[in-house]
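Right, one structure below, let's go through it.
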Amino acid sequence: MQVLQVQLEVGPDPAEVGRARRWARSRLVGSGIGDDEPLAETLILLISELVTNAVVHTGCPAVLRMLFGGTGASGAAGTVRVEVADASDCPPLQRHAAGSDTNGRGLELVDGLADRWGWLPEGAGKQIWCEVDRSGPVRTAELPTVVVQGGAGEVCEPPSCVFTGNLA
């Protein structure tokens with residue numbers, strides 16, 4: 001099966017999240033996922049959350065990648081994989097926001113909407129990824145499988161915004 005990968009560099013400005021959403025929406029349509037399909041809306045929300053986390057929590061540029069048509073970690077054909085790489089080697093922390101909190105729900109949304117998600121080291125930073133199976137129903141509330149690769153429980157300093165390895 002052929003896999004199509006597209007990539008966008010995202011600047012360290014929260015306004016870049018909107019640009020990433022518009023770019024991703026056009027790539028979804030180009031891959032045959034209709035703009036008004038629930039799958040498209042789910043993927044755009046996932047992309048928005050992952051890019052926002054990268055830009056806000058690192059203050060550095062990030063790279064958004066979308067892979068279409070591959071086989072996901074579950075072996076499901078037609079999986080859409082979203083990857084966001086940033087310069088921080090700090091593992092993502094899933095917080096549990098209180099009812100009135102305005103932050104802290106991003107990874108909870110990813111956890112609830114993606115079929116699988118996780119992270120792994122990439123270059124001097126990390127890559128956070130999620131997968132949605134095109135053949136299955138769009139997730140709404142089920143708990144997905146979480147795959148975590150890398151260290152945990154480390155105290156991290158803000159990254160220096162210097163990209164090395166695969167990030168550039």
S48: what forms a side chain to side chain donor-acceptor pair (under 3.5 Å) with it, not counting sequence neighbours? R21

Residues in side chain to side chain contact (heavy atoms under 4.5 Å, CB included) with V55, at least two apart? V10, P14, V51

ILVMFWY network linking L4 to L64, side-chain heavy atoms under 4.5 angstrom: yes

Go through the steps to decide whether R116 and D133 satisfy the test side chain to side chain contact (heavy atoms under 4.5 Å, CB included), and finish with yes or no. CA-CA 9 Å; R116 291 160 301 284; D133 298 330; 2.6 Å; yes

Intermediate values then yes/no, side chain to side chain contact (heavy atoms under 4.5 Å, CB included), W117 and L46: CA-CA 10 Å; W117 73 277; L46 290 167; over 6 Å; no

Who pairs with R19 by side chain to side chain donor-acceptor pair (under 3.5 Å), at least two apart in sequence or on another chain? E16

L109, V56: one ILVMFWY side-chain cluster at the under-4.5 Å cut-off? no

The test is side chain to side chain contact (heavy atoms under 4.5 Å, CB included); show your working for I44 and L28 and say whether it passes. CA-CA 9 Å; I44 294 299; L28 291 172; 3.7 Å; yes

Contacts satisfying salt bridge (charged side-chain N to carboxylate O under 4.0 Å, His left out) that involve residues 24-33 (not counting sequence neighbours) are R25-D35, R25-E41

For residues V17 and L45: do they belong to one hydrophobic cluster (side chain heavy atoms under 4.5 Å, members Ile, Leu, Val, Met, Phe, Trp, Tyr)? yes

Contact between N53 and I128 at the side-chain level, heavy atoms closer than 4.5 Å - yes or no? no

Compare every heavy atom of L8 with every heavy atom of A20, then report the nearest pair and how far apart it is. CA-CD2, 3.8 Å

Could you pull out the closest heavy-atom pair between M66 and A24, with the gap in Å? SD-CB, 3.7 Å

Check whether any side-chain heavy atom of L39 lies under 4.5 Å from a side-chain heavy atom of I33, and answer yes or no. yes

For the student: nearest non-hydrogen atoms of R81 and W129, plus distance: NH2-CG, 3.2 Å

Against K126, only a single residue in D86, T58, D89 fulfils side chain to side chain donor-acceptor pair (under 3.5 Å); can you say which? D86

Between CG on residue L107 and CH2 on residue W119, distance to nearest 0.5 Å: 12.0 Å

How close do G32 and E37 get, heavy atom to heavy atom, and via which atoms? O-OE2, 3.9 Å

Closest heavy-atom pair, G59 versus P12, reported as atoms and distance to 0.1 Å, is O-CB, 3.4 Å

Exercise: identify the closest heavy-atom pair between V110 and C130: CG1-CB, 4.2 Å

